[in-house]
Amino acid sequence: MEIQRRRNMSQEEIYQQRMASRTFLQAENLEPYGRAFARTPAKEITEGEKDVSAAGRVMAFRRHGRTSFLDLQDESGKIQLYVKRESLDGESAKFFDNLDIGDIAGAVGDTFRTKTGELTIAVRSLKILAKSLRPLPEKWHGLKDVETRYRCRELDLIMNQEVRDVFRKRSRLVELLRQFLTSRGFLEVETPMMHLLPGGAEARPFVTYHHTLGLNLYLRIAPELYLKRLLVGGFEKVFEINRSFRNEGISTLHNPEFTMLEAYSAFSDCQGMMELVEELINSCVTSLLGTEEISYQKERVNFSRPWKRIRWAEAFQQLGLDWRDEKQVQEKAESISSEEKDGLPRTHFDRLDAIFKKEIQPLLVQPTFVIEYPRAISPLAKCVPGSPEMTERFELFVAGLEIANAYSELNDPVEQRERFEEQISRQTPDRPKELDLTYVTALEFGMPPAGGLGIGIDRLTMILTDNSSIREVILFPLLRPR
RNA sequence: GGGCCGUUAGCUCAACUGGCAGAGCAGGGCACUCUUAAUGCCAAGGUUGCUGGUUCGAUUCCAGCACGGCCUACCA
């Protein structure tokens, strides 16, 4: 007896009660896990209809003696049900007696308006389409706990309408990007996610293994090199909406797998990609939100064109720094960040990068192109004519976040080989020190001059949905197992 | 990786300086034929994240661990 009581925790009790309903219905030959059910979405149901069907999750149950009101939620919205137990047929009554909040139910009846003006179905027939064995979170406060929301996203989606809206917007954004590019003659392609050599970015890769080939493979850190091989092959405008993987830390701006859009346009260049991205993002923002000015984390961000542009070197000048002055840069860098990176001493360009991130980037609230990045940190970009230290490259910043990166693609195979060699000599541990000969060989066949562009879809979604954490825009962000 | 904060019933939250852990919702029972955070009454529900320590006594103080959040570092 004592042992039994201890096991009767409220959760276990609810589970057992609902299991009993399930068993009872099955014994009565009433299937608690149904099949296809023809129904009208809640939002499309109108007043004065006969024999309307609705199906969805029971979100609220208000009993008044012999009558009850229920809220039924489907993806389109909510519809109220009015149930008078006596006017149900026998099977429906049994289903009704075993109905709980959280169950998926289907109902048939005629619509009317209640005294308070709410559109309601007077239910004649009712069945359970899926018996829920677990209680839903609280109806008023919903599910708030951030960890539970991420770990149990389905519950988050059931309870929090705003969360569903975020992911609807994300989906719509991707659709708009795709539409825009395909309407301009870009071909959507898919390239490998398992690479022999990780390339196209500087990041620690994930390693995996192919058994029959006995081969170590890397999950891609960027699709860039494969996409440019397609330009060699004669496709002139290609893009890929790609999942890429980087084996680095996790933060509000970083998830180990993330989504990027990369687009390449033959016979174009950095300037062409700048115009493209300006138009692309502007048109997505206005289609998605119906305005060019949005609010992000209490700041106003205006996407009306043209956007500001500033040279990378000038940004440092505005801080009173000459980026070439190693001593001055080191002094500045020491004051803002550690002198180590991956356990190695910082290089001049690491320091410049740290200063940029800390001092310059946060000021770039309105959409801003930072142009002409140094060659040393742009191994795949073409140099500015007459200025061999700089490349034809830009990064786009919005609300202090890096949103896009683009450049005139380096298509000289000899120079590319040299740049790879420089890069490898500087590379940190955990990264293969191997030159991507396949890519260099492809360039040797001749790649047309081209502009290339990458856009961070997760971060763009953050900005357009006013979220400060990347986990809020990824359905199932990576978390440590409990 | 480092710093700060958090973890109490299925959910949302209380518990002053260490003194029997408390509500609302959900769940159970009763009443109620237009409610919508329905209402009223009754009863139930807890290893206070885990492991140690201090203490007559720990949800409370201390240490370690786990998970999360924010900042920071690496990266995009």
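Protein chains get the first letters and strands the later ones, always in sequence-line order, with residue 1 at the start of each. Computed from a predicted structure; not experimentally measured.
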With heavy atoms under 4.0 Å as the rule, sort [X] into base, sugar-phosphate or nothing.
{"X": "Leu401(A)", "answer": "nothing"}
{"X": "Glu402(A)", "answer": "sugar-phosphate"}
{"X": "Arg62(A)", "answer": "base"}
{"X": "Asp145(A)", "answer": "sugar-phosphate"}
{"X": "Tyr150(A)", "answer": "sugar-phosphate"}
{"X": "Gly142(A)", "answer": "sugar-phosphate"}
{"X": "Arg471(A)", "answer": "sugar-phosphate"}
{"X": "Thr148(A)", "answer": "nothing"}
{"X": "Gly249(A)", "answer": "base"}
{"X": "Lys357(A)", "answer": "base"}
{"X": "Ser469(A)", "answer": "sugar-phosphate"}

Margin query: Would you say Thr252(A) places a side-chain N or O within less than 4.0 Å of OP1 or OP2 belonging to C71(B)?
Written below: yes

When Asn405(A) and Gln17(A) are each assigned the nearest nucleotide of RNA chain B, the 5'-most assignment goes to Gln17(A)

The residue, Arg482(A) or Phe112(A), whose nearest nucleotide of RNA chain B is more 5′ is Phe112(A)

Evaluate salt bridge (charged side-chain N to carboxylate O under 4.0 Å, His left out) for Arg482(A) paired with Glu147(A), printing each intermediate quantity in order.
-> CA-CA 10 Å; Arg482(A) 267 231 109 140; Glu147(A) 188 175 348; 3.2 Å; yes

In whole Å, what separates the [atom1] atom of [N] from that of [M]?
{"N": "U55(B)", "M": "G45(B)", "atom1": "P", "answer": "34 Å"}
{"N": "U7(B)", "M": "G49(B)", "atom1": "P", "answer": "8 Å"}
{"N": "C25(B)", "M": "C70(B)", "atom1": "P", "answer": "32 Å"}
{"N": "C11(B)", "M": "A73(B)", "atom1": "P", "answer": "35 Å"}
{"N": "A9(B)", "M": "A43(B)", "atom1": "C1'", "answer": "16 Å"}
{"N": "C4(B)", "M": "U51(B)", "atom1": "P", "answer": "25 Å"}
{"N": "U54(B)", "M": "G29(B)", "atom1": "C1'", "answer": "47 Å"}
{"N": "A37(B)", "M": "U72(B)", "atom1": "P", "answer": "41 Å"}

Which nucleotide, if any, forms a Watson-Crick or G-U wobble pair with [N], using both distances under 3.5 Å?
{"N": "A26(B)", "answer": "none"}
{"N": "C16(B)", "answer": "none"}
{"N": "A31(B)", "answer": "U39(B)"}
{"N": "C74(B)", "answer": "none"}
{"N": "U60(B)", "answer": "none"}
{"N": "A44(B)", "answer": "none"}
{"N": "U7(B)", "answer": "A66(B)"}

- prompt: Side chains of Thr191(A) and Pro223(A): closer than 4.5 Å at any heavy-atom pair?
  reply: yes

### Task
Could you tell me whether the side chain of Tyr218(A) reaches within less than 4.5 Å of the side chain of Phe206(A), counting heavy atoms only?
no

Nearest whole Å is fine: how far is [N] [atom2] from [X] [atom1]?
{"X": "Glu13(A)", "N": "C11(B)", "atom1": "CD", "atom2": "P", "answer": "16 Å"}
{"X": "Leu155(A)", "N": "C11(B)", "atom1": "CG", "atom2": "P", "answer": "10 Å"}
{"X": "Glu138(A)", "N": "A9(B)", "atom1": "CD", "atom2": "C1'", "answer": "13 Å"}
{"X": "Leu133(A)", "N": "G27(B)", "atom1": "CG", "atom2": "C1'", "answer": "14 Å"}
{"X": "Asn467(A)", "N": "C70(B)", "atom1": "CG", "atom2": "C1'", "answer": "15 Å"}
{"X": "Arg66(A)", "N": "C30(B)", "atom1": "CZ", "atom2": "C1'", "answer": "15 Å"}
{"X": "Ile250(A)", "N": "G69(B)", "atom1": "CD1", "atom2": "P", "answer": "9 Å"}
{"X": "Lys144(A)", "N": "G69(B)", "atom1": "NZ", "atom2": "P", "answer": "18 Å"}

Practice problem: Hey, can you tell me if Trp312(A) and Trp323(A) have their rings parallel, tilted or perpendicular (30° and 60° cut-offs)? | Solution: perpendicular

- prompt: In terms of ring plane angle, is the pair Phe397(A) and Phe356(A) parallel, tilted or perpendicular, where the classes change at 30° and 60°?
  reply: tilted

Of the nucleotides [options], which one has an atom closest to the side chain of [X]?
{"X": "Thr114(A)", "options": "G10(B), U35(B), G27(B)", "value": "U35(B)"}
{"X": "Arg246(A)", "options": "G27(B), G24(B), A76(B)", "value": "A76(B)"}
{"X": "His141(A)", "options": "C34(B), U12(B), G27(B)", "value": "U12(B)"}
{"X": "Arg480(A)", "options": "C34(B), A26(B), G68(B)", "value": "G68(B)"}
{"X": "Lys358(A)", "options": "A76(B), C71(B), A73(B)", "value": "A73(B)"}
{"X": "Thr67(A)", "options": "G69(B), A76(B), U33(B)", "value": "U33(B)"}
{"X": "Arg151(A)", "options": "C67(B), C70(B), U35(B)", "value": "C67(B)"}
{"X": "Gln11(A)", "options": "G10(B), G68(B), A76(B)", "value": "G10(B)"}
{"X": "Gln80(A)", "options": "G68(B), U35(B), C11(B)", "value": "U35(B)"}
{"X": "Asp100(A)", "options": "A73(B), G28(B), C25(B)", "value": "G28(B)"}

(Q) For the residue pair Arg63(A) and Phe61(A), would you count it as a cation-pi contact if the rule is NZ or CZ under 6.0 angstrom from the ring centre and within 45 degrees of the ring axis? (A) yes

Q: Using the six-membered ring of Phe476(A), assess whether NZ or CZ of Arg153(A) lies under 6.0 Å from its centre and within 45 degrees of the ring axis.
A: no

Arg164(A)/Glu75(A) ion pair, N-O < 4.0 Å
no

Identify whether a stacking contact exists between Trp140(A) and G24(B), where the ring centres must be under 5.5 Å apart and the planes under 30° apart. no

task = Compute the centroid of each ring, for Phe112(A) and then for Tyr82(A), and state whether the two points are separated by less than 6.0 Å.
result = yes

To the nearest 0.5 Å, atom CE of Met193(A) lies from atom CD of Glu240(A) at 8.5 Å

